[in-house]
Amino acid sequence: MNTMISALTDPEHVRAAPSHRDPYAYYGRLARERPFFHDEANGWWVAASAAAVKEVLTSKICLTRPLSEPIPEALLGGAAAQIFGRLVRLRDDDVGDKLRGAVASALRGVDLRQVAALAHRRALQLDGDAQEMFRVDKTMTFMFALPVQVVAQLLGIPQGSFDDVMTWLGDYGAAAAAAATGIPLLTAELLARGHHGAQALFDLVTSISHDSQQCGPLLHALANEARRVGCDDEADVIVNAIGYLVQGYVAMASLIGSTLLALARQPALCTQVVADPTLLRPLIQEVLRCDPVTNSTFRFMARDGKIAGHMLCEGEMIIVLLAAANRDPALNPDPDRFDIARVERKYLEFGAGMHACPADKFAPLIVEVAVAHLLRRGLPFEKLEASLTYATSGHVRTPLFKR
Ligand code: HEM
């Protein structure tokens with residue numbers, strides 16, 4: 001009974017929404033009725049309509065970190081701070097601006113046909129047992145492993161280190177999210193593991209970058225692009241190479257999971273997609289709009305200023321609800337309808353403005369190869385829903401399937 005009620009109740013606030021079973025009626029209402037508002041109880045502003053979200057993401061006075069605390073204080077003094085502080089994703093300084101172009105060009109320069117072929121080969125390697133249908137827990141292992149291992153391979157990370165890399169990424173990611181958002185709570189153990197993971201990733205990628213035989217095409221391209229734009233700090237290059245792994249790890253796994261759920265919930269659509277795998281591409285695009293991974297991001301005011309008609313003060317935080325904006329009727333007609341044949345679909349799932357994601361083609365492609373593989377192999381679709389929980393996160397929606 002309680003489960004039933006909680007499933008139907010709105011999330012407590014916008015940072016509780018990504019782990020909520022179904023936050024979309026709530027998001028839709030916010031987009032339509034509360035385009036930009038102050039959440040008094042939590043002390044943050046919320047941008048929910050497509051117009052407000054775009055305004056915040058393209059405003060020069062909305063920064064990815066507060067000026068007074070570019071790196072969360074709790075991370076200072078360890079390797080996790082080095083990673084956090086150098087990622088272009090979390091930087092609004094001049095070096096970050098130059099480096100951002102290099103990070104994007106190197107990624108966009110990767111040959112997507114090669115990426116698809118690599119992902120396909122890796123899927124076959126990961127899936128050793130061709131006799132048995134995927135179990136639910138094996139599905140989850142596969143959805144986390146495949147995409148990040150493709151990125152790791154493009155950087156030149158040897159296969160023998162993949163398991164360690166995934167552990168280190170998970171540890172760094174958990175500590176960074178906890179320090180930046182308080183979700184989950186930062187414990188001494190989480191912090192220690194985060195620093196250890198960050199240092200181990202840094203050491204590994206540094207050693208690969210010094211070995212021309214080992215250095216993969218994406219790391220090579222990033223180093224070249226960085227040199228071309230005048231960024232000569234090696235640590236910046238290493239950290240932003242790690243950034244490709246950090247940014248893509250949970251995001252691509254989550255998108256695979258949400259796409260599988262869309263298929264599990266719509267058996268007729270699933271039959272159609274199995275019969276015609278070219279439908280996977282528009283399906284993934286519609287999942288990115290309707291059940292997105294990055295439910296929200298956040299910004300901080302660099303100074304007092306007006307946003308969406310409201311006066312905000314220096315340092316105030318704005319939660320930017322990408323998932324709500326995607327449900328704004330101003331962006332797409334009939335936004336709550338799941339329609340893979342939607343014409344001129346628009347969404348803000350890859351952000352907007354200077355920090356927009358450079359992997360908007362790369363990531364869905366790897367997800368497409370992964371889901372196509374799972375469909376070919378057969379999945380216990382009927383078991384997905386029953387085993388579903390969402391990872392605890394203030395911003396990212398990650399379906400987990402556990403037996
Ligand atoms: C489904 C998968 C993904 C989603 C939904 C996604 C979404 C996003 C979003 C919303 C942002 C902007 C955040 C903000 O403005 O606050 C972002 C930034 C970024 N993403 Fe992705 N991402 C995905 C996968 C990836 C992958 C696979 C990579 C790299 C291989 C990547 C690299 C980056 C980078 C480098 C940035 C920072 C851009 C900048 O600040 O200049 N992303 N991503």
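This structure is a prediction, so every number in the text was calculated from the model and none was measured. For ligands, and for the atoms within them, numbers begin at 1 and follow the listed sequence.
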Original post:
To the nearest 0.1 Å, how far is atom 24 (C) of ligand 1 from its closest protein heavy atom, and which atom is that?
Top reply: Ala363 CB, 3.8 Å

Subject >> Derivation of the salt bridge (charged side-chain N to carboxylate O under 4.0 Å, His left out) call for Arg376 and Asp127 >> reply: CA-CA 12 Å; Arg376 272 195 303 275; Asp127 176 16; over 6 Å; no

**OP:** Please write down residue, atom name and distance for the protein heavy atom closest to atom 16 (O) of ligand 1.
**Re:** Thr297 OG1, 2.6 Å

Original post:
When you measure from atom 26 (C) of ligand 1 to every protein heavy atom, which one gives the shortest distance, and what is it?
Top reply: Ala359 CB, 3.3 Å

Original post:
Should you measure from each heavy atom of Leu255, which atoms of ligand 1 turn up under 4.0 Å away?
Top reply: 1 (C)

**OP:** Please determine if Arg327 and Asp336 form a salt bridge, counting it only when a charged side-chain N lies under 4.0 Å from a carboxylate O.
**Re:** yes

Subject >> Nearest heavy atoms of Ala241 and Leu155, plus distance in Å >> reply: O-CD1, 3.6 Å

**OP:** Can you pull out the closest protein heavy atom to atom 15 (O) of ligand 1? Residue, atom name and distance to 0.1 Å, please.
**Re:** Arg299 NH2, 2.7 Å

**OP:** Please say whether Tyr244 places an N or O atom under 3.5 Å from an N or O atom belonging to ligand 1.
**Re:** no

**OP:** Name the orientation class of the two ring planes belonging to Tyr24 and Tyr27 (parallel below 30°, tilted from 30 to 60°, perpendicular beyond 60°).
**Re:** tilted

**OP:** Give me the ring orientation class for His196 and Trp168: parallel if the planes are under 30° apart, tilted from 30 to 60°, perpendicular past 60°.
**Re:** perpendicular

Subject >> Contacting atoms of ligand 1, where contact means under 4.0 angstrom from a heavy atom of Gly351 >> reply: 10 (C)

Original post:
So, does Leu107 sit close enough to ligand 1 that a heavy atom of it is under 4.0 Å from the ligand?
Top reply: yes

Original post:
In Å, rounded to the nearest 0.5 Å, how long is the span from CG of Leu375 to SG of Cys270?
Top reply: 6.0 Å

Subject >> ligand 1 N/O within reach of Glu349 N/O, cut-off under 3.5 Å >> reply: no

Subject >> Exercise: identify the closest heavy-atom pair between His355 and Val88 >> reply: CE1-O, 3.3 Å

Subject >> Candidate with minimal heavy-atom separation from atom 20 (N) of ligand 1, of Cys357, Ala253, Gly96 >> reply: Cys357

**OP:** Enumerate the atoms of ligand 1 whose separation from the nearest heavy atom of Thr294 is less than 4.0 angstrom.
**Re:** 5 (C), 7 (C), 10 (C)

**OP:** Identify the two heavy atoms, one from Ala51 and one from Asp328, that lie closest to each other, and give their separation to 0.1 Å.
**Re:** N-OD2, 4.5 Å

Original post:
In Å and rounded to the nearest 0.5 Å, what is the CG to CG distance from Asp291 to Asn326?
Top reply: 10.5 Å

**OP:** Please state whether Met354 comes within less than 4.0 angstrom of ligand 1, counting heavy atoms only.
**Re:** yes

Original post:
What is the closest protein heavy atom to atom 35 (C) of ligand 1, and at what distance does it sit?
Top reply: Val103 CG1, 3.7 Å

Subject >> Aromatic plane relationship, Phe36 with His310 - under 30° parallel, 30 to 60° tilted, over 60° perpendicular >> reply: tilted

**OP:** Identify the protein heavy atom lying closest to atom 4 (C) of ligand 1, giving its residue, its atom name and the separation to 0.1 Å.
**Re:** Phe350 CE2, 3.5 Å

Subject >> Identity and distance of the protein heavy atom lying nearest atom 37 (C) of ligand 1 >> reply: Arg89 CB, 3.6 Å

Original post:
Taking 4.0 angstrom as the limit, do Arg65 and Asp93 come out as a salt bridge?
Top reply: no

Original post:
Quick check, are the ring centers of Tyr26 and His20 under 6.0 angstrom apart?
Top reply: no

Original post:
With atoms numbered from 1 as shown, which atoms in ligand 1 lie under 4.0 angstrom from a non-hydrogen atom of Met252?
Top reply: 27 (C)

Original post:
Charged N to carboxylate O below 4.0 Å: is that the case for Arg337 and Glu286?
Top reply: no

Subject >> Residue Arg100 vicinity, atoms of ligand 1 by number, heavy atom under 4.0 Å >> reply: 39 (C), 40 (O), 41 (O)

Original post:
With a cut-off of 4.0 Å, which atoms of ligand 1 are near a heavy atom of Val88?
Top reply: 40 (O), 41 (O)

Subject >> atom 36 (C) of ligand 1: nearest protein contact (heavy atom, Å) >> reply: Pro358 CD, 3.7 Å

Subject >> From the candidates Ala251, Ala356, Ala241, the one that places a heavy atom nearest atom 2 (C) of ligand 1 >> reply: Ala251

**OP:** Provide the number and element of each atom of ligand 1 under 4.0 Å from a heavy atom of Leu322.
**Re:** 10 (C)

Subject >> Leu87 to ligand 1, any heavy atom closer than 4.0 Å >> reply: no

Subject >> Atom pair CG/CD1 of Asp39 and Ile318 - distance to nearest 0.5 Å >> reply: 13.5 Å

Original post:
If you measure every N/O of His355 against every N/O of ligand 1, is any gap under 3.5 Å?
Top reply: yes

